[in-house]
Amino acid sequence: MDKVSKVNTEFLISRKKNIYEVIIGLEVHAQVTSNSKLFSSSSTKFGAEPNTQVSLVDAAFPGMLPVINEFCVKQAIKTGIGLKAQINKRSVFDRKNYFYADLPQGYQISQFKHPIVGEGTVVLDMPNGQKEVGIERLHLEQDAGKSIHDIDPQNTMVDLNRSGIALMEIVSKPDLRSPDEVNVYIKKLRSIMRYLGTCDGNMQEGSLRADVNVSVRIKGTDKLGTRCEIKNVNSIKFMQMAINYEANRQVDLIEEGKSIDQETRLFDTKKNETRSMRSKEDAHDYRYFPDPDLLPLEVTDDFVEKIKSEIPELPDEKKKRFIEKFKLSPYEATILVSDIETSKYFEEVIENSDVKLATNWITGELFAVLNNKNLEISESPISSKNLSKLINLIKDGTISGKIAKTIFELMMDSDKDPQKIVEEKGLIQESDPKALETLINKVIVDNPDKVKEYKSGKEKLFGFFVGQVMKASNGKANPQLVNDILKKKL
Amino acid sequence: MSEITSQSLTELVKNIKEKKISSEEITRSFVVRSEKSKSLNSYITEDFSSALKKAKIFDTKPNFDLKLPGIPIAVKDLFCTNGLKTTAGSKILNNFVPTYESTVTQNIWNEGAILLGKLNCDEFAMGSSNETSFFGNVQNPINKGLVPGGSSGGSASALAANLTPITIGTDTGGSIRQPASFTGTVGLKPTYGSCSRYGIVAFASSLDQAGPMSKNVKDCALLQEVISTYDAKDSTSIDFKRKNYFKELTKNIKGKKIGIPKEYRVDGMPNVIEELWTKGIEYAKNCGAEILDISLPHTNYALPAYYIVAPAEASSNLARYDGVKYGLRSKGENLIDMYEKTRSEGFGAEVQRRIMIGTYVLSSGYYDAYYLKAQKVRKLIKNDFDEAYKKVDAILTPSTPSSAFKIGEKTNDPVSMYLNDIFTVPVNLSGLPAISIPAGVDGKGYPLGLQIIGKAFDEQNILNIAYAMEEKINFKNKITDWWIK
Amino acid sequence: MTIDLKTIKNISKLSRISVDDAKAKKLEGDLNSIFEFIEKLNELKTDNVEPLTSVAETTLKLRSDEVKSKDIRDQILKNSPENNEDFFVVPKVVE
């Protein structure tokens with residue numbers, strides 16, 4: 001889990017005379033969460049043996065025809081609603097024609113002129129405030145199969161399992177201006193879709209990929225520069241590196257007085273640079289036309305309304321509610337809503353325990369540990385129920401915060417009920433004033449010179465006394481009470 | 001009882017149900033005659049031994065509740081048949097054996113019929129004379145050296161020569177009706193969406209439709225009942241209430257209004273066609289129909305529109321023949337080289353031409369001027385019919401602008417070949433049903449057909465009109481068996 | 001609209017059909033005569049006409065999200081030109 005950077009500077013590229021800003025647009029391909037494919041009833045499960053999730057339709061056998069999956073349509077509309085976008089009740093599927101080994105039909109069924117979802121917005125929580133990024137459109141299309149080049153030196157192996165899985169292509173307006181913004185944008189998109197259950201956003205498994213469009217222009221000017229498209233980048237880190245490299249490449253060309261060719265490029269992850277894709281150059285003419293095997297997709301208002309009624313509270317709304325209801329800071333709220341699993345966990349914990357403590361423990365201790373062990377919150381060794389119990393033990397004074405930290409570590413190994421740990425290890429903090437007084441008196445008596453020093457002005461020594469009392473009590477003394485009593489005595 | 005192979009389908013069904021003949025006898029008759037008729041080249045793949053086996057099995061436990069009990073049928077090689085080679089008349093699928101069955105043929109087998117074999121056709125259904133097939137020309141049984149029409153040339157030829165009691169073809173621009181006209185047989189193109197396209201090798205998806213080809217209208221109605229079903233596996237299949245076309249067949253067409261479109265009277269139309277048409281109008285009147293003049297103003301633009309839309313869709317539908325998954329693969333140095341060699345060697349000249357036309361009209365800069373324009377013209381043509389059908393119930397026209405021509409006569413001139421479809425193409429562009437029935441002969445004695453076009457989903461009406469007129473016309477196909485030595 | 005040899009070479013590349021000079025010349029003749037015939041459409045004014053989307057008078061039917069197709073790898077690979085139990089095998093792409 002990334003820390004939200006508290007520093008957000010403008011991303012500018014300076015050369016001798018000119019300062020350039022970078023214009024970025026993203027085309028995100030998100031695999032739709034569904035049981036079967038978009039136009040066939042094969043399974044979409046990840047990781048199956050090659051070509052075992054391929055039907056006659058997927059392999060484009062003669063006479064095979066597409067039949068659309070209703071659930072995928074719903075998922076696309078749901079996502080559109082989550083993007084606060086216009087839902088187009090009538091949309092058309094077009095064929096995008098090109099030849100490639102992993103494209104069995106020789107065309108991809110996509111949507112060109114009339115996508116299912118129109119314009120929308122995504123709000124980014126940046127360190128220096130919120131920024132709205134425009135969504136141009138979202139459309140449904142088929143994913144292609146996989147070409148594997150490194151099994152055989154002479155040949156390419158083709159696995160069509162992925163061929164035909166539903167993808168949502170989400171096209172942003174060219175509103176992004178830095179690698180940081182790209183990071184926040186991708187995460188926000190991913191978060192919204194995970195909240196909705198429309199895409200699991202698993203970039204390692206390829207559920208989320210992006211094509212990055214980059215152009216540059218001199219800061220202060222209006223005209224957009226020629227853009228280049230960097231295809232199929234499958235991690236945020238690579239997107240940021242690619243943008244960095246590409247923007248600088250374009251600026252260098254302009255500074256040398258050269259022009260930029262509009263082209264498609266690949267990001268070479270080993271060399272850390274973008275390079276031109278020669279073979280895709282003449283595939284530009286996709287000859288889009290409406291797929292005659294399908295009819296226009298028409299959905300009713302009722303259909304859309306029903307989907308709307310199934311939308312859960314989304315990150316932006318949840319954040320607002322957390323701030324208003326629980327008085328969290330925007331920073332805290334942003335972190336807690338950033339992923340649906342995190343917000344779920346938080347809400348479970350605060351059902352029965354203090355919000356402030358919950359916030360601190362989750363965003364502090366828990367996140368630190370999960371980060372260390374590279375775990376998602378859904379894999380947390382400590383359940384929300386038990387964390388809630390731990391927080392209650394602190395709140396009702398049974399244990400101190402310090403003791404809680406110890407117990408927390410023990411819980412990391414076993415997810416044991418903290419109450420039980422307290423009982424087993426006898427960790428109840430000492431809050432009996434009389435008992436504490438006894439301890440404190442002993443410490444004072446045992447350290448007369450320190451008392452003298454303190455009373456003559458060395459205020460820092462207060463901590464020494466506290467420390468001694470804690471030591472004498474094996475850490476169980478209630479720190480607050482110790483403080484109060486010590487102050488009175490000294 | 002007359003000779004088995006001369007009997008109509010309904011006669012055979014009656015006789016087998018009455019136990020006058022067995023499936024094995026019927027099948028053997030057609031097999032024997034087919035084997036004597038190889039010079040017609042109607043078949044691409046024969047499945048005779050398998051057919052005889054199936055016939056024997058049927059006879060041991062016959063089910064006479066079925067509509068086609070134990071009847072042997074050969075089908076156009078565009079229908080995928082499970083376990084039996086399906087080539088679409090092309091070298092590129094010369095070794096392709098489907099592991100699945102088309103819905104239309106499955107419907108036929110479900111009613112007890114037996115597959116005799118796969119019939120020759122123009123490559124990928126692109127042609128009007130069966131001269132583009134990789135497997136060679138087909139002879140028209142009417143006379144040696146004549147084309148049978150196309151693309152369902154093998155089907156029409158086998159049917160007219162009595163090598164199969166009935167058959168199915170596909171019609172994209174006239175490929176059932178035109179060969180029916182050329183061979184003196186009956187051919188029906190149903191409403192678009194009436195028969196499932198699942199498992200049929202696609203040519204032009206928005207135009208293709210399977211349909212019966214038969215010796216008479218009664219047979220045609222029976223087979224239409226069998227093959228027309230709603231199929232959820234085809235998104236363009238339509239779920240409408242289908243009539244019992246055979247049961248409800250009637251000659252009573254009193255009061256039906258039949259339109260005569262003036263624009264079908266084309267420049268240079270041969271007199272014999274004009275006369276046939278006039279005679280047809282008389283026959284219709286005699287049956288009690290009312291004749292009205294109508295106008296279909298955009299008729300002349302149908303053929304150019306068709307030759308944009310069909311190749312465009314075909315260029316995309318045929319992209320899957322790339323040597324990767326099935327079919328021919330030529331050796332290539334790399335992937336692109338493999339594609340280019342495979343497709344150049346696997347596709348014939350006409351198919352390559354149409355793919356190029358299709359690719360061009362869809363390409364950037366030309367899409368609006370050609371493809372989009374053609375789709376707009378298509379709308380106008382459909383509107384013409386919709387307007388006409390406010391006044392009439394059906395439309396009567398000639399099926400073809402001539403009788404069967406000689407093999408090789410038009411192969412050097414693509415455009416003159418395309419003009420064969422002038423009367424049939426508007427029907428596909430509008431998605432309407434139409435039937436061709438033999439109505440007369442020309443000076444050479446070669447058959448000529450009349451076409452009855454109906455409203456969408458109104459196959460019953462045009463079958464009835466055809467049935468009534470057929471009786472009045474009383475056409476007898478003069479087949480001399482010249483190819484059997 | 002005349003189609004020149006350059007266009008023919010371009011279209012043949014897009015359609016992945018190889019064309020040598022002799023073939024291209026023949027195609028030039030054929031395609032141009034076909035296009036002359038098609039040009040007739042330009043006589044019609046169609047600015048205010050909606051293009052036909054389909055003659056199928058029905059709406060797009062939606063299918064339920066059930067996995068119905070099983071592992072039929074054997075069938076899928078049965079007709080493959082290059083024998084391999086798991087994959088389709090093709091010559092490499094030249095990048």
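Throughout, a chain's letter reflects where its sequence line sits, starting with A, and its residues are numbered from 1. Quantities reported herein were computed from a predicted structural model and do not represent experimental measurements. FYI, side chains are in, hydrogens and waters are out, and symmetry mates aren't considered; it's all heavy atoms of this structure.
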Okay, B:Asp322 and chain A: the region with an atom under 4.5 Å from a heavy atom over there is side chain
Take B:Thr236 and A:Leu65 through the test side-chain contact (heavy atoms from CB on, under 4.5 Å) and record every step on the way to the result. CA-CA 9 Å; B:Thr236 59; A:Leu65 298 168; 5.6 Å; no
Honestly, the part of A:Tyr288 sitting under 4.5 Å from a heavy atom of chain B is backbone
To the nearest 0.5 Å, atom CD1 of B:Ile336 lies from atom CZ of A:Phe99 at 10.5 Å
Applying a strict 4.5 Å limit to non-hydrogen atoms, the region of B:Asp208 in contact with chain A is neither
Looking only at heavy atoms, the pair that brings B:Asp234 and A:Val67 closest together is N-CG2, 4.5 Å
- prompt: Does the gap between the ring centers of A:Phe289 and B:Tyr367 come in under 6.0 Å?
  reply: no
Honestly, the part of B:Tyr198 sitting under 4.5 Å from a heavy atom of chain A is both
When the 4.5 angstrom heavy-atom criterion is applied to B:Tyr321 and chain A, the contacting part is side chain
Paired with A:Pro62, the side chain to side chain contact (heavy atoms under 4.5 Å, CB included) test is passed by just one of B:Val201, B:Leu318, B:Ile200, B:Thr86, namely B:Val201
Per-residue tally against chain A (heavy atom, under 4.5 Å) across B:Tyr371, B:Phe79, B:Tyr339 peaks at B:Tyr339
Cut-off 4.5 Å, heavy atoms of chain A, and the answer for B:Ser363 is both
If one checks every heavy atom of B:Ala232 against chain A at 4.5 Å, the contacting part turns out to be backbone
(Q) Strictly distance-based, threshold 3.5 Å: is any side-chain N or O of B:Ser235 a donor or acceptor partner for the main-chain N or O of A:Leu295? (A) no
In this structure, OG1 of B:Thr359 is separated from CG of A:Asn97 (nearest 0.5 Å) by 8.0 Å
In terms of heavy-atom contacts, B:Ala319 and A:Gly106 come closest through CB-CA, 3.9 Å
The reported gap from CG in B:Asn317 to CG in A:Asp293 (rounded to nearest 0.5 angstrom) is 6.0 Å
Given the options A:Arg95, A:Gln105, A:Arg287, B:Ser316 meets side-chain hydrogen bond (donor to acceptor under 3.5 Å, both in side chains) only with A:Arg95
Check: More than 12 non-hydrogen atoms from neighbouring residues, nucleotides or ligands closer than 6.0 Å to CD on B:Glu333, yes or no?
Finding: no
Heavy-atom neighbours of B:Arg329 CZ exceed 12 at 6.0 Å: yes
- Counting N and O atoms only, with roles assigned by atom type, does the side chain of B:Lys325 sit under 3.5 Å from a partner on the main chain of A:Ala60, one being a donor and the other an acceptor? no
All heavy atoms of A:Met64 vs all of B:Arg320, minimum pair found to be O-NH1, 4.0 Å
